[in-house]
Amino acid sequence: MVISSLVVETKPECTDEVSAELAERAGVEVHETNGYKIVVTIEAETVDDSHAIASGFIDIPGVTGINLVYANFEDDPTLAEAGSR
């Protein structure tokens, strides 16, 4: 399991709509909205899955930036496979 924390920046007039859209996405949890910033976590099986979820945020109308704050990927099964080669 990979857990990542991100801050999603929005146009100020779009924050509520973006927050609602993020909350509907699989693996995403919205924790807080502060001004035009939204704090979220992503839970995914692999780093690649987490990256794919986060990359999709930029397609949401009103999103202006995505900032990774924290990532824990020690339990990513694809990394264990790569290390054993």
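All residue numbers in this chain count up from 1 along the given sequence.
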K.L.:
Measure the CD1-CZ distance between I3 and F73 for me, rounded to the nearest 0.5 Å.
P.N.:
13.0 Å

K.L.:
To the nearest 0.5 Å, what is the distance between CD (E29) and CD (E43)?
P.N.:
7.5 Å

K.L.:
Test your reading of the model: is there a side-chain donor-acceptor pair from T10 to the backbone of Y36, 3.5 Å cut-off?
P.N.:
yes

K.L.:
Applying side-chain contact (heavy atoms from CB on, under 4.5 Å), name anything that partners D49, two or more places apart in sequence or on another chain.
P.N.:
A44, E45, T46

K.L.:
Taking the side chain as every heavy atom from C-beta outward, state whether N72 and V2 have any atom pair closer than 4.5 Å.
P.N.:
no

K.L.:
Between I38 and S19, what is the shortest heavy-atom contact and its length?
P.N.:
CD1-N, 3.6 Å

K.L.:
Ignoring hydrogens, what is the shortest heavy-atom contact between S5 and V39? Give both atom names and the distance.
P.N.:
OG-CG1, 4.5 Å

K.L.:
Pairing donors with acceptors under 3.5 angstrom, does anything connect the side chains of T33 and T15?
P.N.:
no

K.L.:
When hydrophobic residues are tied together by side-chain contacts of less than 4.5 Å, even through go-betweens, does M1 share a cluster with L68?
P.N.:
no

K.L.:
Please name the pair of heavy atoms, one in V30 and one in A23, separated by the smallest distance, quoted to 0.1 Å.
P.N.:
CG2-N, 3.7 Å

K.L.:
Hydrophobic cluster membership, with links at side-chain heavy-atom distances under 4.5 Å among I/L/V/M/F/W/Y: are V47 and I42 in one?
P.N.:
no

K.L.:
Find the distance between CG (D48) and OG (S55) and round it off to the nearest 0.5 Å.
P.N.:
10.0 Å

K.L.:
Rounded to the nearest 0.5 Å, what separates atom SG in C14 from atom CD in E9?
P.N.:
13.5 Å

K.L.:
Taking all non-hydrogen atoms of both residues into account, name the closest pair between P61 and V18 and its distance.
P.N.:
O-CG2, 3.4 Å

K.L.:
How close do F57 and V63 get, heavy atom to heavy atom, and via which atoms?
P.N.:
O-CG2, 3.4 Å

K.L.:
Applying salt bridge (Lys or Arg N to Asp or Glu O under 4.0 Å), can you list everything that pairs with E21, at least two apart in sequence or on another chain?
P.N.:
R25

K.L.:
For residues V69 and V7, determine if any side-chain heavy atom of one lies less than 4.5 Å from a side-chain heavy atom of the other.
P.N.:
yes

K.L.:
Among residues at least two apart in sequence or on other chains, which ones pass side-chain hydrogen bond (donor to acceptor under 3.5 Å, both in side chains) with T41?
P.N.:
H31

